[in-house]
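Everything below concerns the one structure shown next.
Sequence positions, counted from 1, serve as the residue numbers for this chain.
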Amino acid sequence: KGNAFLTADGSYDDPSGLESVFARGFYDYDGRFLATLTFRADGSSKFAAGNRWGYFPAFSLGWRVSNEKFMKDVSWISNLKITGGWGELGNQNIRGFQYASSIVVGNTYGTNGYTFGGFGVNGSAVTITANPDITWERAAMTNVSLEAGFLNNKLSTTITYFDKNTNKMLVPALLIGTAGRVTAPDINIGNMNNRGIEAEVNYQSGDTFKYSFGLNGSFIKNEVTKLYGLNAFIPSTVYGRSSQEISRTYEGQSIASFYGWKTAGLYQTQAEVDNDPYLKNDSRKGAIKPGDVRFVDINGDGMIDGADRTYLGNPNPKATLGFQTTLSYKGFDLSANVTGVFGVSLYNADRMQGTDPTYSFNLYAETLNRWTGPGTSNSIPRMSLDRANENYRTSDLFVENGNYVSLKNLTIGYTLPDFIVKKATFNSLRLYVTGQNLFMITNYSGYTPELGYTNGNRQRGVDVAQYPSVRSFTFGLTLKI
């Protein structure tokens, strides 16, 4: 009759399904010319009926140059192959049912519900808005590779150039504050490019003394090529007393780049504060004291405000390297794995909080070296509960070099000679010791540069004091009966 509510009891379920059709064809002519053609169709229940299916082709071509007649007399080249290809893949790793709104029935506001005529009543509210046009994210990659083997494949190498474009990138929609507590859906509005070179070199040889060495590297440039528009961005989670985002993604920059204020040391004297052109029109000038941070007036308007925030660093490494080796001599064996990351910045958010005296936590020991007078420090502000200058806002004071080299694994073993184990009716007995995360070379001041809080694609490389990797030692034996 228009006044009655229909209610139902039950449990919540969020089912999803994926249906795929896959076809692949191969062609090989005389072991010299190779071709592969692939086509797949994927249907996901996470998208509405009109956008449910995505179609993703791919192909690759190869030329085994070492099988050509003109290479027969080149004995030092064991293998030479050139390949190239292009292909698309789809991504549907999002929360389901975003094409439909979610309405909660029986929703209350406060303890008495919504008040009408002096009485508290329950109501209904939209908690998740809909995006009926949401569809597949598409990643198209082009790559060209050179594979080569020398000296009967004792020395082998692979070099690959790749160019990957992610289109219709699924990213969270931006919400204004007046939207309330509603959850926004993901939207297909962003393109990203990753391009670079991956290389690998391996060498193995030996008889009584056997050895192998391997070196691999990945060199990548990341750029968001389309996102909303030139002045729009995707913010990260806010952090610290100032409740400001640490990262922003802008068109033309790397994803999740650090964003905030640049600094120019600390004010050493009152005269520096009084004569600073950065504060010429700043209403806070009278509250700023020696020992406070000198923030840079990027736009030149004579005041420090939100308009002076800018790009501070890239949390995406330019190069990732690895080195592996195995050595064996008679019964002894050794293997090691070393990794390294270079060209990366990290944001030490724990240090930002750990040097801020307005928090009720223990402070970092480095605050003992804080500014206490002219010339005593140019990087650690004075100790004060006064927040007029917001010394601990998001700034480059807390952006650090995140490069490192780490010995991830080292194993040393010894296999007993046969004449010993045979007496004990064993086939073989090997004793070994393994160490993991043995040491790291880095200038990063936090626990470890390997950790960083990641909030999807919104934020990367932010250190909020997660535990570092555990160093461990394992002693064991391998016995074959």
Side-chain angles (χ1 to χ4, degrees), residues 26-36 59-87 141-163 195-220 317-343 405-418 428 430 432-436 438 441 478:
F26 300 94
Y27 179 75
D28 182 342
Y29 177 74
D30 195 29
R32 293 181 295 151
F33 300 101
L34 312 169
T36 302
F59 73 89
S60 65
L61 301 173
W63 177 28
R64 194 176 295 278
V65 183
S66 54
N67 284 359
E68 295 289 350
K69 293 182 179 179
F70 60 80
M71 293 292 294
K72 296 301 182 182
D73 295 330
V74 186
S75 59
W76 56 278
I77 297 181
S78 312
N79 176 49
L80 184 60
K81 180 182 177 183
I82 301 173
T83 60
W86 176 91
M141 186 164 72
T142 302
N143 63 76
V144 179
S145 297
L146 173 67
E147 300 177 25
F150 308 93
L151 308 175
N152 292 322
N153 287 320
K154 289 182 179 181
L155 175 64
S156 62
T157 182
T158 302
I159 302 175
T160 301
Y161 170 80
F162 64 91
D163 190 340
R195 62 185 182 274
I197 294 175
E198 293 181 340
E200 181 178 357
V201 179
N202 295 284
Y203 183 79
Q204 56 184 0
S205 186
D207 186 8
T208 302
F209 175 51
K210 297 180 181 179
Y211 52 91
S212 68
F213 304 97
L215 180 65
N216 58 78
S218 179
F219 308 86
I220 301 177
K318 294 180 180 179
T320 302
L321 303 179
F323 173 76
Q324 307 83 34
T325 184
T326 61
L327 308 173
S328 65
Y329 177 72
K330 296 184 178 179
F332 294 94
D333 63 88
L334 180 148
S335 63
N337 180 25
V338 179
T339 61
V341 171
F342 303 92
V405 175
S406 174
L407 177 58
K408 304 299 294 181
N409 183 282
L410 176 66
T411 298
I412 300 175
Y414 178 68
T415 301
L416 271 65
D418 289 343
S428 67
R430 177 176 176 265
Y432 66 90
V433 57
T434 297
Q436 294 183 323
L438 294 180
I441 301 173
T478 302

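- Using a 4.5 Å heavy-atom cutoff, the side chains of Asn79 and Arg64 are in contact.
- Every pair passing side chain to side chain donor-acceptor pair (under 3.5 Å) that includes a residue from residues 26-36 is listed here, sequence neighbours excluded: Asp30-Arg32, Arg32-Glu68.
- For Ser406 and Thr339, the side-chain atoms include no donor-acceptor pair closer than 3.5 Å.
- Here the side chains of Val65 and Phe70 are in contact, with some heavy-atom distance below 4.5 Å.
- With sequence neighbours excluded, the residues satisfying ring pair (Phe, Tyr, Trp, His ring centres under 6.0 Å) with Tyr414 are Phe332.
- Closest non-hydrogen pair, Leu215 versus Gln324, comes out as N-OE1, 4.4 Å.
- Annotation: side chain to side chain contact (heavy atoms under 4.5 Å, CB included) contacts of Phe213 (sequence neighbours excluded): Tyr211, Phe323, Thr325, Leu327.
- Among residues two or more places apart in sequence or in another chain, the side chain to side chain contact (heavy atoms under 4.5 Å, CB included) test is passed with Leu407 by Ala336, Val338, Leu410, Leu438, Phe439.
- Among residues two or more places apart in sequence or in another chain, the side-chain hydrogen bond (donor to acceptor under 3.5 Å, both in side chains) test is passed with Ser78 by none.
- A side chain to side chain contact (heavy atoms under 4.5 Å, CB included) with Phe162 is found for exactly one of Val144, Ile220, Ile197, Thr142, namely Ile220.
- Here Thr434 pairs with Asn409, Thr411, Tyr432, Gln436, Thr474 under the side chain to side chain contact (heavy atoms under 4.5 Å, CB included) rule; sequence neighbours left out.
- Each salt bridge (Lys or Arg N to Asp or Glu O under 4.0 Å) pair with one or both residues in residues 331-342, not counting sequence neighbours, appears once here: Asp333-Arg430.
- Expressed to the nearest 0.5 Å, how far NZ of Lys318 lies from OG of Ser218 amounts to 14.5 Å.
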Please report, to 0.1 Å, the donor-acceptor pairs under 3.5 Å made by any side chain of residues 145-159, with sequence neighbours excluded.
| from | atom 1 | to | atom 2 | distance (Å) |
| --- | --- | --- | --- | --- |
| Ser145 | OG | Thr160 | OG1 | 2.7 |
| Thr157 | OG1 | Glu200 | O | 3.0 |

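- Interatomic distance, CZ of Phe219 versus CD of Glu198, reported as 10.0 Å (0.5 Å rounding).
- The environment of Phe33 atom CZ is dense: over 12 non-hydrogen atoms of other residues, nucleotides or ligands sit within 6.0 angstrom.
- Screening residues 408-418 for salt bridge (Lys or Arg N to Asp or Glu O under 4.0 Å), with sequence neighbours left out, gives Lys408-Glu450.
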**Request:** Test Tyr329 against Leu334 for side chain to side chain contact (heavy atoms under 4.5 Å, CB included), laying out the working first.
**Result:** CA-CA 9 Å; Tyr329 177 72; Leu334 180 148; over 6 Å; no
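- By the salt bridge (Lys or Arg N to Asp or Glu O under 4.0 Å) test, Lys81 pairs with no residue at all, sequence neighbours left out.
- Considering only residues two or more places apart in sequence or on other chains, Val74 meets the side chain to side chain contact (heavy atoms under 4.5 Å, CB included) condition with Met71, Trp76, Ile77.
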